[in-house]
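Written out below as structure tokens is the structure these notes cover.
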Amino acid sequence: MSETEMEFWMVWNPVGRAPTYKHGNRGSAQREAERLAEGNPGHSFYVLHAISRSSRPPNVMTVELCDGIPF
């Protein structure tokens, strides 16, 4: 697999579309969540942090994307 393993964050609204943009750091995702909340009163925007990835084929493999330290 040629994909480089990097941690990322996404912004999610439970009543909106699925997130598609991967933010390279928490600050970027937080700013986007705040921007979206400002323009959408009454809606909540969550910053999600990917912590692992599982894929197939040929074998199921889980890769840790962060070291477990929450900061």
Side-chain angles (χ1 to χ4, degrees):
M1 186 173 304
S2 62
E3 182 180 343
T4 302
E5 298 298 329
M6 303 273 303
E7 15 178 6
F8 63 90
W9 290 256
M10 299 182 101
V11 177
W12 175 66
N13 174 344
V15 296
R17 296 175 293 177
T20 58
Y21 185 79
K22 293 180 178 181
H23 294 267
N25 61 68
R26 180 181 174 179
S28 172
Q30 185 67 49
R31 286 187 298 276
E32 178 65 1
E34 291 167 0
R35 184 190 73 79
L36 291 168
E38 183 69 31
N40 296 278
H43 288 263
S44 295
F45 293 86
Y46 296 85
V47 174
L48 309 176
H49 182 199
I51 58 169
S52 68
R53 174 184 63 84
S54 298
S55 61
R56 175 152 170 74
N59 297 317
V60 174
M61 176 176 61
T62 300
V63 176
E64 296 298 324
L65 300 179
C66 66
D67 59 12
I69 298 173
F71 51 88

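In this chain, numbering begins with 1 at the start of the sequence shown.
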Completion exercise
CE of Met6 to NZ of Lys22, rounded to nearest 0.5 Å, is 10.5 Å
Completion exercise
By side chain to side chain donor-acceptor pair (under 3.5 Å), Glu7 pairs with (sequence neighbours left out) His49
Practice task
Check salt bridge (Lys or Arg N to Asp or Glu O under 4.0 Å) between Arg31 and all other residues, then give those that pass, not counting sequence neighbours.
Solution key: none
Completion exercise
Taken in chain and number order and not counting sequence neighbours, the residues that satisfy side chain to side chain contact (heavy atoms under 4.5 Å, CB included) with Ala50 are Phe8, Leu65
Practice task
Among Ile, Leu, Val, Met, Phe, Trp and Tyr joined by side-chain contacts under 4.5 Å, find the other residues sharing a cluster with Trp12 and list them by chain and number.
Solution key: Tyr46, Leu48
Practice task
Any pair with a residue in residues 33-47 that passes salt bridge (Lys or Arg N to Asp or Glu O under 4.0 Å), sequence neighbours left out, goes on the list, sorted by first then second residue, please.
Solution key: Glu32-Arg35
Handout entry: Members sharing Trp9's hydrophobic cluster (side chains within less than 4.5 Å)
Key = Val47
Completion exercise
Hits for side chain to side chain contact (heavy atoms under 4.5 Å, CB included) against Pro41, two or more places apart or cross-chain, chain-then-number order -> none
Practice task
Using a 4.5 Å cut-off on heavy atoms from C-beta on, say whether the side chain of Leu36 contacts that of Val11.
Solution key: yes
Problem - Partner set under side chain to side chain contact (heavy atoms under 4.5 Å, CB included) for Ser54, not counting sequence neighbours - result: Thr62
Problem - With Thr20 via side chain to side chain donor-acceptor pair (under 3.5 Å) - residues at least two apart - result: none
Practice task
State, to 0.1 Å, how close Ser44 and Pro14 come at their nearest heavy-atom pair, and which atoms those are.
Solution key: O-CD, 3.5 Å
Fill in the blank from the handout: For His43, the ring pair (Phe, Tyr, Trp, His ring centres under 6.0 Å) test, sequence neighbours excluded, returns none
Practice task
Indicate whether the side chain of Arg53 and that of Ser55 have a donor and an acceptor atom separated by less than 3.5 Å.
Solution key: yes
Handout entry: Other ILVMFWY residues reachable from Ile51 by side-chain steps of under 4.5 Å
Key = none
Handout entry: Under the side chain to side chain contact (heavy atoms under 4.5 Å, CB included) test, residues paired with Tyr21 that sit two or more places apart
Key = His23
